[in-house]
Amino acid sequence: RQSLAATLAVAAVGLLAAVPAAAQKTQLTVYTALETDQLKAYQEGFAKANPDIEITWVRDSTGVITAKLLAEKANPRADVVMGVAATSMGVFDAEGMLQPYAPQGLSRIASQYRDPKNPPAWVGMDVWGATICFNTVEAAKRNIPKPETWKDLTKPVYKGQIVMPNAASSGTGYLQVVSILQMKGEEKGWQFLKDLDKNMAQYIKSGSRPCKMAATGEFAIGVSFAFSGVKQIMEGYPIKLVIPSEGAGYEVEVSMLMKTAKNKPDSKTFFDWLLTLDAAKLYGERAEMSSVPGAKATEAILKAGLPADYWSSEVQLQRYEVQKWKEAPIP
């Protein structure tokens, strides 16, 4: 019996040795300012193509993510930064924190949506523009007219009816402040912001939340970004998008590798995936414009309230390119 038991034990060990061990997933830490409800799609899309890499997401508003990365410079934790405003990339690049890399598919990206250096320190994913979200139902109840310009928002009728992102924490808020200063000039721009402040009900940490608050009727007007308004319209809320006639800032949402990444091979794999058409199609479902040709915004987005010429390249450059990250002051 002892001999039989020993034989069975040896056989069992042999069988176990013959079964390949389950592949150990590698860990990748990605910092992002993308909305929480967007991350699931990117997580699933990347996992489908790369099932052996597990992503740990660290998500917050652009200003918070930027401050966090700068604070962690001596003890870095992020491998990749995804979906953060290009203005922040200028800060990180100046600090020598980025790892230049030419991902596969780089030739698909138009020059205005990537770092001009070769190899680039950052590459754009999509583009988003500032807008005013106007709740038509609440406005009618409160006898508030639809604004057409930034200046309209300083009129007494809008006092206490407006919410806007805080420029100290939100990339959207920062974009709006900087683009207004660039449009109006320093002196007139700051005076306008002081006048606007008199009508402001709240400054919000998040860039998307002002439009959500307008959609639910907490306030009649939310100064936000266009896709946030598009999403509320698609969900059936009585929101109209207002692109101020003076113009509105736009920003490129970009990704980059950290020079101090602990997992450089998977970082590059992730970055390569970001430039695939599969990934770019996800941008087109979640932004007004993708940086990858052939993955433009979906018809549902375009029909939700954006002007017909919103992303016509010539009109866009004339009317909306008031935010250029190289020219913007570093926050």
Exercise. Hey, is NZ on Lys268 packed in by over 12 heavy atoms from elsewhere, all under 6.0 Å?
Worked result: no
Exercise. Between Lys194 and Asp197, does at least one N-O distance fall below 4.0 Å, as a salt bridge requires?
Worked result: no
Exercise. NZ of Lys188: more than 12 outside heavy atoms within 6.0 angstrom?
Worked result: no
Seminar exercise, completed: Residues Pro103 and Asp272: closest non-hydrogen pair is CA-OD1, 3.3 Å
Exercise. In the single-linkage hydrophobic clustering (I, L, V, M, F, W, Y; side-chain heavy atoms under 4.5 Å), do Leu28 and Leu282 co-cluster?
Worked result: yes
Exercise. CD/Glu95 to CG/Leu69 distance, rounded to the nearest 0.5 angstrom?
Worked result: 11.5 Å
Exercise. Cut-off 3.5 Å, side chains only: do Thr26 and Glu54 have a donor facing an acceptor?
Worked result: no
For this session: Taking only Lys NZ, Arg NE, NH1 and NH2, and the carboxylate oxygens of Asp or Glu, determine whether Lys146 and Asp152 approach each other closer than 4.0 Å.
Result: no
Exercise. Should Met258 and Val81 be marked as a side-chain contact (heavy atoms from CB on, under 4.5 Å) after you check the CA-CA gap, both sets of side-chain angles, and the distance that decides it?
Worked result: CA-CA 7 Å; Met258 300 302 290; Val81 178; 3.8 Å; yes
Exercise. Where is the tightest heavy-atom contact between Ser224 and Gly207, given as atom of each residue plus distance?
Worked result: OG-O, 2.7 Å
Exercise. Is the side chain of Asn50 donor-acceptor paired with the backbone N or O of Asp52 at a distance under 3.5 Å, no angle test?
Worked result: no
Problem set entry | Derivation of the salt bridge (charged side-chain N to carboxylate O under 4.0 Å, His left out) call for Asp60 and Lys205 | CA-CA 10 Å; Asp60 215 312; Lys205 176 183 175 183; 3.2 Å; yes
Exercise. Cut-off 3.5 Å, side chains only: do Tyr31 and Glu72 have a donor facing an acceptor?
Worked result: yes
Exercise. Would you call Glu44 and Lys48 a salt bridge, taking side-chain N to carboxylate O under 4.0 Å as the test?
Worked result: no
Problem set entry | Which atom of Gly45 lies closest to which atom of Trp273, heavy atoms considered | C-CZ2, 3.4 Å
Exercise. Can Phe271 and Leu257 be said to form a side-chain contact (heavy atoms from CB on, under 4.5 Å), step by step?
Worked result: CA-CA 8 Å; Phe271 216 88; Leu257 303 184; 3.4 Å; yes
Problem set entry | Flag for Ser208-Glu35: side-chain donor and acceptor within less than 3.5 Å | yes
Exercise. What is the distance from atom CE of Met200 to atom CG of Leu153, rounded to the nearest 0.5 Å?
Worked result: 7.5 Å
Exercise. Under the 3.5 angstrom rule, does the side chain of Arg59 hit a backbone N or O of Leu34 as a donor-acceptor pair?
Worked result: yes
For this session: Please determine if Asp195 and Lys151 form a salt bridge, counting it only when a charged side-chain N lies under 4.0 Å from a carboxylate O.
Result: no
For this session: Please examine the side chains of Met213 and Phe219, heavy atoms only from C-beta on, and report whether any two atoms are closer than 4.5 Å.
Result: yes
Seminar exercise, completed: So NZ of Lys231 and SG of Cys211: to nearest 0.5 Å the spacing works out to 11.0 Å
Problem set entry | Cluster check Met82, Val254: I/L/V/M/F/W/Y, side chain < 4.5 angstrom | yes
Problem set entry | Tyr174 versus Asn166, side-chain donor and acceptor atoms under 3.5 Å | no
Exercise. What heavy-atom pair brings Thr260 and Pro76 nearest, and what distance separates the two atoms?
Worked result: OG1-CB, 3.1 Å
Exercise. Is the NZ atom of Lys240 crowded by more than 12 outside heavy atoms at less than 6.0 Å?
Worked result: no
Exercise. Minimum heavy-atom separation for Asn263 to Asp266, with atom names?
Worked result: ND2-OD2, 2.9 Å
Problem set entry | Reported CG-to-CD1 distance for the pair Asp115 and Ile109, which is rounded to 0.5 angstrom | 13.0 Å
Seminar exercise, completed: Scanning both residues in full, the closest heavy-atom pair of Gln176 with Val223 reads NE2-CG1, 3.2 Å
Problem set entry | All ring pair (Phe, Tyr, Trp, His ring centres under 6.0 Å) counterparts of Phe192, not counting sequence neighbours | none
